[in-house]
Every structure is written in C-alpha cells, then in structure tokens.
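Following: one structure in structure tokens, then a few remarks.
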Amino acid sequence: MKLQLLLLFLTCSVIVVNGLDNGVARTPPMGWMSWQRFRCITNCDLYPDDCISDKLFRKMADLMSSEGYLDAGYEYLIIDDCWLARERDAQGRLQPDPDRFPHGIKDLSDYIRSKGLKFGIYEDYGNYTCAGYPGILGHLKTDAQTFAEWGVDYIKIDGCYSKFEDMEDGYKEFGQYLNETGRPIVYSCSWPAYFESSGIHANYSLLADICNLWRNWGDIQDSYSSLTKIMQWFGNNQDRIGPYAGPGHWNDPDMLLIGNYGLSYEQSKMQMAIWAILAAPLLMSVDFRTVHPAYKEILLHKEAIAINQDVLGIQGKKILTITNIDIWTRPITPIINDSPTYAIAFHSNRDDGYPYAISVSLEELGLRNAKGYSVSDVFEPQGEEIVQIQDKFIVKVKPSGVVFIKAVPIGS
Ligand SMILES: *[C@@H]1O[C@H](CO)[C@@H](O)[C@H](O)[C@H]1NC(C)=O
Ligand SMILES: *[C@@H]1O[C@H](CO)[C@@H](O)[C@H](O)[C@H]1NC(C)=O
Ligand SMILES: *[C@@H]1O[C@H](CO)[C@@H](O)[C@H](O)[C@H]1NC(C)=O
C-alpha cells in the first residue's frame, strides 16, 4: 500500500496501468538483436562472416553465453529482418532462406536455447517485412503457431506495408493468437513508431494492454546525432509516454550502439546511462567477435544494468537543463524513509572541449529526503559522499559525455 501511494506520488498522475498479463518482461528485456550492426546483409559471398545466416547466429550465441553477456542478464538473442525465404512453403507456412539457414529455424532455436539463451525473431504485421520478405497479414494464426513450435521466446512485429487504421486491431489479434499458443512470448510492437513519426499520438494505454514493449520513434542509426535525436524525443514526450512504462510493458528507444563505429567511449557510457534512466530494453547489436574490451565493459557494467533493471520499473525523466547540460533522474530502490533512491545522469550537449563544471543541489533535482543522501559515482566509483539536499555540489561533464551518480537516502 505504501509503495502504491509512493508510486502515485512519484508519477504525479492517476493513470493506472494494468498491462499485458503474460508473465514476461517484468524488467526491461535484455538481449542482442542483429539489425543495427548486421542489417540486411544477405550476400554471403561478399560478407561470409557477417551475412544474416545460421552461422552468424550460432557464433553470436556461443560468444553471448561464453563471454559473460548472459551472466550479466542479456538473455534474448533476436534475429531481425532478412531471415525469410521469398515465398511461404507449400502449406502456407513461413520458412527461412534455404541457403542461409540450411538447418531450419527450429534447429537454430534449439541450439541457441541449449546455450542457456532465449530465442527471438522478427516479422511484420503487413503484407511484407520492411526488407520485402513475406509479412504475416492473412496468416496471423498460422504464424503465431509456427513461432511457438519453433520455440520463439520474443517476437518483434514491425509495421511496414500495413495500413494505419488496421494496426491497433491487427496487433491485438496477433497478440491473442500468441496467447492461445500457451507459450509465454515477449511481444514487441512497432506501430507507435509509425504513428508518432507521422504526427499521430499512439494509444499507450492500449499498447500496455497488448504488448510487452513498443518502439516509439524512428530507427536508431550508428551515430551520436541519431542517438541524441531519440533522447530529445523521449524528453519532449516523457509526460505523455512515461506513465505507461512498468513491469511487463516498456517504451523502447531502440538498440544500444555501444561497441560499433558511431559512438565514442564517452558517448557510449552516456547511452548506457540514459537507457538505464529510461528503463529502456537493453538490446545490444554488436559483433561479439571484435568488440573492444573498454566497450564490452560498458555493456557489462553491473551497476548501470542494476539501475536499468530496477524492480519499481519507473521510467526516468529529463528534469532540468543548465548551460546545455541535461539532467535526467530516475527513482529506484531502495526506498528509505519513504524516499526512493535516485539515479541521476548529467549529459552534456556541449562541444567546447573540456569537462564543463556546473553547480547544482539535490533539492533542485527534486530530491527531498531531509537527512540527505549518500552519493556515489556509477562509472568512476570513489567511495560515497554524504550530501544534504541544499548543498551545492560541482559536476564536471565531458563534451557529449555523461556523469552518472546514485543518491541513496540516509535513514533515521
Ligand atoms: C495486402 O495484400 C492484399 C492482397 O493482395 C491486398 O488486398 C491488401 O490491400 C494489401 N494490404 C496492404 C496494407 O497493402
Ligand atoms: C493469456 O492471457 C491470459 C489472460 O490475460 C493470461 O492469464 C495468460 O497468462 C496468458 N497466457 C500466455 C501464454 O500468454
Ligand atoms: C485507448 O485504448 C483504451 C483501451 O486500452 C480505450 O479504452 C480508449 O478508449 C482508447 N483511447 C482512444 C483515444 O482511442
């Protein structure tokens, strides 16, 4: 009861979200998805090690399990677009490209699951996937059954080649067929990304009833500018979409770019921190064979992951901007004296070369515990410091980087 009152207070709203009742995604899903890094590479002569194929996914499964990612909580290995054959089989069922997936999907799924991982796949609600392979329209029931037979644990349903007016009912209907298979499957829905990009507000209450997560906005590309555009959209729309995040149903700002070509080391820590604040699904899309150890360390960062996975499931917000440095906060556990702990990220939009100093107090950031807080740095731990809420303290933020701290209330 106390917790419920607190949650109402924290979200400052009376929106009650019950959400989809399929028992999965109680914390933001964590895993790896092929799209951002491997896209729709289907030419295995030109890209023998990178093409969307059985070989690629087995290799990624091996490394995801042996290199510590699974132990850190990343459990879903998800095939994105371009796995399908151009035609359905003689019985009208989906089938993979025979050259690139010679053993079929069930065999690959069994292999992935034998590594202790869970298996995810991609389809599209329309007549075709975005890359032009067969979509599920007209075959919803058969395809839901096929996915369950293949041991699918997570499905992303995209929205290309479908009509806006069909999407709400159509995604709902497919969700019903998934439910009827009896297999708990994480259901990722893309229709808000199509609606919102066209200036139409999606119905997030409906989304939380039907889907475990949903892409809100455009695809992430391998660049800092793409990343910050998505962050800006999340900040601008946080009061409208934020209340619908919670255990079982999440807003999805898209994959982690960390370890690829487009983000610097500081920018990579920044994405990890902001995704933790946003209670965002943590879906890596990196080549485990070549990822630099420094970036791997960010992906595996225990405390950042713990903040992301916090059981309250409250999506954080951008609450203040000082001299072009955005401050994002998220209430998390433990709750002490009825006050939540806070994760706080300072992200600099500045590019003037040096770690820029700002002075701020916890009170200005909305923290209220009268006895103060024990504050520590998530990425650069140097012990804990007691800070009273009115104390001004200095934070120095590197250009396009982040300072990520945690403030635990001091008890009586
Ligand atoms: C999907 O294909 C069917 C059959 O060709 C067609 O009637 C329908 O209009 C198509 N739907 C969309 C959204 O393009
Ligand atoms: C199907 O839906 C019912 C009612 O919401 C729920 O209790 C059940 O757990 C769901 N089953 C699966 C497999 O999702
Ligand atoms: C949004 O969906 C809910 C069902 O969860 C429904 O009750 C409500 O009327 C819908 N809102 C709009 C504006 O369509």
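Remember, it's 1-based here, ligands and their atoms both numbered in the order they're listed. Predicted, not measured: the structure shown is a model, and the values here were computed from it.
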*Would you find more than 12 non-hydrogen atoms of other residues, nucleotides or ligands less than 6.0 Å from Lys229 atom NZ?*
no
_Atoms in ligand 2 with a heavy atom of Gly182 nearer than 4.0 Å_ = 13 (C)
*For atom 3 (C) of ligand 2, closest protein heavy-atom neighbour*: Asn179 ND2, 3.6 Å
*Which of the atoms of ligand 2 are close to Asn22, meaning less than 4.0 Å from one of its heavy atoms?*
14 (O)
*asked:* Does the protein place a non-hydrogen atom closer than 4.0 angstrom to atom 11 (N) of ligand 3?
replied: yes
*Would you mind telling me which of Tyr125, Tyr194, Tyr128 makes a side chain to side chain donor-acceptor pair (under 3.5 Å) with Asp158?*
Tyr194
*Atoms of ligand 1, numbered as shown, that sit under 4.0 Å from any heavy atom of Tyr161*: 13 (C)
*Hey, is the main chain of Leu257 close enough, under 3.5 Å, to the side chain of Asn260 for a donor-acceptor pair?*
yes
*Quick one: which ligand 3 atoms are inside 4.0 Å of a heavy atom on Ser205?*
3 (C), 5 (O)
*Check whether any side-chain heavy atom of Leu178 sits under 4.5 Å from a side-chain heavy atom of Glu173, and report yes or no.*
no
*asked:* Against ligand 1, does Ser162 come closer than 4.0 Å with any heavy atom?
replied: yes
*asked:* Considering non-hydrogen atoms of the protein only, which is the closest contact for atom 6 (C) of ligand 2, and what is the distance?
replied: Asp21 O, 3.3 Å
_Aromatic ring proximity, centroids under 6.0 angstrom, Tyr244 and His249_ = no
*Are any of the heavy atoms in Gly23 under 4.0 Å away from ligand 2?*
no
_Starting from atom 9 (O) of ligand 3, what is the nearest protein heavy atom, named by residue and atom, and what distance separates them?_
Asn203 ND2, 4.8 Å
_Strictly below 4.0 Å, N to O, side chains only: are Lys59 and Asp287 in salt-bridge contact?_
no
*Which ligand 3 atoms are under 4.0 Å away from a heavy-atom of Leu206?*
2 (O), 5 (O)
